[in-house]
Amino acid sequence: MAQRLAAACDERETLVRLGPDQFLVLTGESRGGELVRRWHTIVDRAVADPVVLSGGDVPIRLDAAHAAHPLDGDRLDDLLRTLEARLTGSTTTSVLPFRARRAG
């Protein structure tokens, strides 16, 4: 997944690995509509092709969400809480103007 996400990012974006299966894509994009479109493009590219394992195709499943500074928070902790809320569907953590997306 790291290779696919890195390939989907462009020169204005930075891929950050938080854990074995957790990543952030940092971008300077600040316009809401452009951010959402770019987010969809990255997710679509990352899951476009299945992985071939033992001679068979395995589809890729990716849980992805986005958060924008300062709209979704001024601090990293706020942004991470927003991302978690969007991924889990929790409305008690933050306002969710965009739905989380499950691809694959």
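Atoms considered below: every heavy atom in the structure, side chains included; atoms not considered: hydrogens, waters and symmetry mates.
A heavy-atom distance below 4.5 Å is found between the side chains of His66 and Val36. Using a 4.5 Å heavy-atom cutoff, the side chains of Thr14 and Val25 are not in contact. Side chains of Ile42 and Glu13 form a contact here, defined as non-hydrogen atoms less than 4.5 Å apart. Counting only heavy atoms from C-beta outward, the side chains of Leu18 and Phe23 never approach each other to under 4.5 Å. Inter-residue side-chain proximity for His40 and Val43 is flagged as unmet; no heavy-atom pair is nearer than 4.5 Å. The shortest distance between side-chain heavy atoms of Pro50 and Val58 does not fall below 4.5 Å.
Of all heavy-atom pairs between Ala46 and Met1, the closest is CB-SD, 4.1 Å. Here the closest non-hydrogen pair linking Ala2 and Leu15 is O-CD2, 3.5 Å. In plain terms, the two heavy atoms of Asp74 and Asp78 that are nearest each other are N-OD2, 3.8 Å.
Residues satisfying the salt bridge (charged side-chain N to carboxylate O under 4.0 Å, His left out) test with Asp21, not counting sequence neighbours, are none. Ala67 is linked by a side-chain contact (heavy atoms from CB on, under 4.5 Å) to Asp72, Leu79, Thr82, Leu83, Arg86, counting only residues two or more places apart in sequence or in another chain. With sequence neighbours excluded, no residue forms a salt bridge (charged side-chain N to carboxylate O under 4.0 Å, His left out) with Asp49.
Remark: side-chain polar atoms of Gln22 are not paired, donor with acceptor, to backbone N or O of Gly19 under 3.5 angstrom. Between the side chain of Arg45 and the backbone N or O of Ala48 there is no donor-acceptor pair closer than 3.5 Å.
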Please determine whether side chain to side chain contact (heavy atoms under 4.5 Å, CB included) holds for the pair Arg38 and Asp10, giving the CA-CA distance in whole Å, both sets of side-chain angles, and the decisive distance to 0.1 Å. CA-CA 10 Å; Arg38 186 68 191 126; Asp10 65 24; 3.8 Å; yes
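Linking ILVMFWY side-chain heavy atoms closer than 4.5 Å, directly or via other members, places Val52 and Ile60 in two distinct hydrophobic clusters.
Salt bridge status for Arg37 with Glu34: present, with a side-chain N to carboxylate O gap under 4.0 Å.
Between atom CG of residue Asp77 and atom CZ of residue Arg81 there is a gap of 5.5 Å, rounded to the nearest 0.5 Å.
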